[in-house]
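The next block holds one structure in the form of C-alpha cells; read it before the comments.
Remember, it's a predicted structure, so these values are computed and weren't measured experimentally.
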Amino acid sequence: CVYWATIHGRHTYIGPGIYMNTFDDSVDQMLYARSAGAQGFNTYCYRSTNDGGETWSNWYARVASDVFTGPVAVPPMSWRQPATAVEGYVYGRVASGDSGAPIDNARVYLDGAATSVYTDGAGYYLLTRVDAAAGGALHQISASAPGMASIDRAHVLVEPAGFTEANLADAATWLFGDYNVDGKVGADDYARFAECMTGPTGESPAAGCDIFDADGDLDVDLADAAALQESYGK
C-alpha cells in the first residue's frame with residue numbers, strides 16, 4: 001500500500017489493531033510501518049489498547065516515549081490544495097428520472113470510454129483523479145444501464161482539488177431541473193438553481209451547474225429559468 005500510494009503521489013496512514021497486541025508488539029509494528037514510508041497512524045480501537053493485560057491508559061505514555069517523541073508537521077498534500085492540485089473528483093448518483101429509485105450497477109463514463117466506473121446499490125459513483133487545469137476543465141459524464149435511456153452531461157466543470165456533484169437519470173423520464181434526481185422538481189431544486197444563476201455570460205457554469213443549462217449555451221440565465229418553471233411542481 002505504501003509503495004502504490006507513494007508512486008501515485010499520495011499518502012498511507014496505517015490503522016493497526018493494537019487491541020490484539022501487547023504494547024511491545026504494537027510499537028514494533030508502528031516503527032516498521034514508519035520505516036517503510038507510512039506518513040502516520042490511527043490506532044484501533046478505543047475500547048482497549050492491548051491484549052496483554054496492561055492498564056489501557058498506559059499506552060499513551062508508552063507511544064509518546066517510543067513512537068511520537070516530538071511534534072511533526074503535517075505532510076503536505078498538494079492534491080488537496082487548489083493552488084497546486086492538477087486533478088479533481090466527480091461524484092453523484094444514477095437514478096430513475098421517473099421515481100428517483102437508484103440504479104444499481106449502472107456504468108458511468110468519463111469522456112466517452114476513456115474511464116468508467118459502476119454505481120453501488122444506492123446508485124452512487126465516484127470518479128477520482130479527473131484532470132483539472134488551473135481554473136477547472138470541462139468533461140463529459142454519461143451513464144448507461146440495461147433498460148435505461150442514457151443521459152450525457154457534456155460540460156461538467158471539474159476544479160483542481162474540487163468535488164463536483166453530477167447526478168444522472170434515465171433521459172426518457174427525467175424532468176429538467178430535477179437536480180437531485182428524486183423524480184420531481186421542487187424547492188430544493190430551485191434553491192440549487194438559484195446558486196447556479198450566472199446571467200448571459202457565455203462562460204461555463206459553476207461546478208455541477210451544467211445540469212441547469214437547458215439550451216446548452218454555457219450559462220444559466222433567464223431562458224433556463226423559464227425551462228425550470230415549466231417543470232416546477234411536476
Side-chain angles (χ1 to χ4, degrees), residues 1-13 37 39-40 73-95 103 106-120 122-145 150-169 171 174 176-181 189 191-221 224:
C1 290
V2 173
Y3 170 77
W4 287 109
T6 300
I7 67 172
H8 289 291
R10 296 294 188 267
H11 294 168
T12 299
Y13 296 87
Q39 280 78 21
V74 176
M77 302 180 187
S78 60
W79 66 92
R80 296 186 63 185
Q81 306 302 321
T84 54
V86 295
E87 299 168 328
Y89 306 83
V90 181
Y91 72 97
R93 62 192 297 264
V94 181
I103 298 178
R107 193 170 185 178
V108 180
Y109 298 90
L110 171 68
D111 296 327
T115 302
S116 65
V117 295
Y118 289 90
T119 58
D120 64 12
Y124 288 98
Y125 75 92
L126 172 66
L127 288 162
T128 63
R129 308 196 67 176
V130 181
D131 289 341
L138 297 178
H139 291 273
Q140 180 189 43
I141 309 295
S142 57
S144 65
S150 64
I151 188 170
D152 296 327
R153 294 179 58 168
H155 303 109
V156 176
L157 179 63
V158 181
E159 299 169 313
F163 288 80
T164 299
E165 182 180 9
N167 300 313
L168 301 109
W174 180 75
F176 174 77
D178 184 8
Y179 183 87
N180 57 9
V181 193
D189 301 303
R192 189 70 177 90
F193 176 87
E195 295 175 0
C196 292
M197 283 284 286
T198 64
T201 63
E203 299 179 1
S204 298
C209 292
D210 62 287
I211 199 168
F212 293 123
D213 183 14
D215 49 16
D217 61 353
L218 295 181
D219 59 31
V220 180
D221 55 16
D224 304 306

Looking only at heavy atoms, what is the nearest atom pair of [X] and [Y], with distance?
X    : Y    : answer
H139 : D131 : NE2-O, 2.6 Å
A106 : V94  : CB-CG1, 4.0 Å
Y13  : M77  : OH-CE, 3.4 Å
T164 : A207 : OG1-CB, 3.5 Å
R93  : Y125 : N-CE2, 3.9 Å
V130 : L127 : CG2-O, 3.9 Å

Parallel, tilted or perpendicular: which fits the ring planes of F212 and Y179, with parallel below 30° and perpendicular above 60°? parallel
Just checking, any donor-acceptor pair under 3.5 angstrom between side chains of R107 and S116?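 Present: a donor and an acceptor within the cut-off.
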Quick one: are Y109 and S150 in side-chain contact, heavy atoms under 4.5 Å?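 The answer is no; the side chains never approach within 4.5 Å.
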Quick one, L126 and V117 - any side-chain contact, counting heavy atoms below 4.5 Å?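 L126 vs V117: side chains apart.
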Could you tell me if the ring centre of W79 sits under 6.0 Å from that of H11? yes
[atom2] on [Y] to [atom1] on [X], rounded to 0.5 Å:
X    : Y    : atom1 : atom2 : value
W174 : I151 : CH2   : CD1   : 5.5 Å
I103 : L168 : CD1   : CG    : 9.5 Å
M197 : C209 : CE    : SG    : 11.0 Å
F193 : F176 : CZ    : CZ    : 6.5 Å
I211 : N180 : CD1   : CG    : 9.0 Å
L110 : R129 : CG    : CZ    : 13.5 Å

N/O donor to acceptor pairs below 3.5 angstrom from side-chain atoms of residues 152-163, sequence neighbours left out:
from : atom 1 : to   : atom 2 : distance (Å)
R153 : NE     : D210 : OD2    : 2.9
R153 : NH1    : N167 : O      : 2.8
R153 : NH2    : G208 : O      : 3.2
R153 : NH2    : D210 : OD1    : 2.8
R153 : NH2    : D210 : OD2    : 3.4

Quick check: does any side chain N or O of D219 sit under 3.5 Å from a backbone N or O of T198, one acting as donor and the other as acceptor? no
So, D111 side chain and T115 main chain: donor-acceptor pair closer than 3.5 Å or not? no
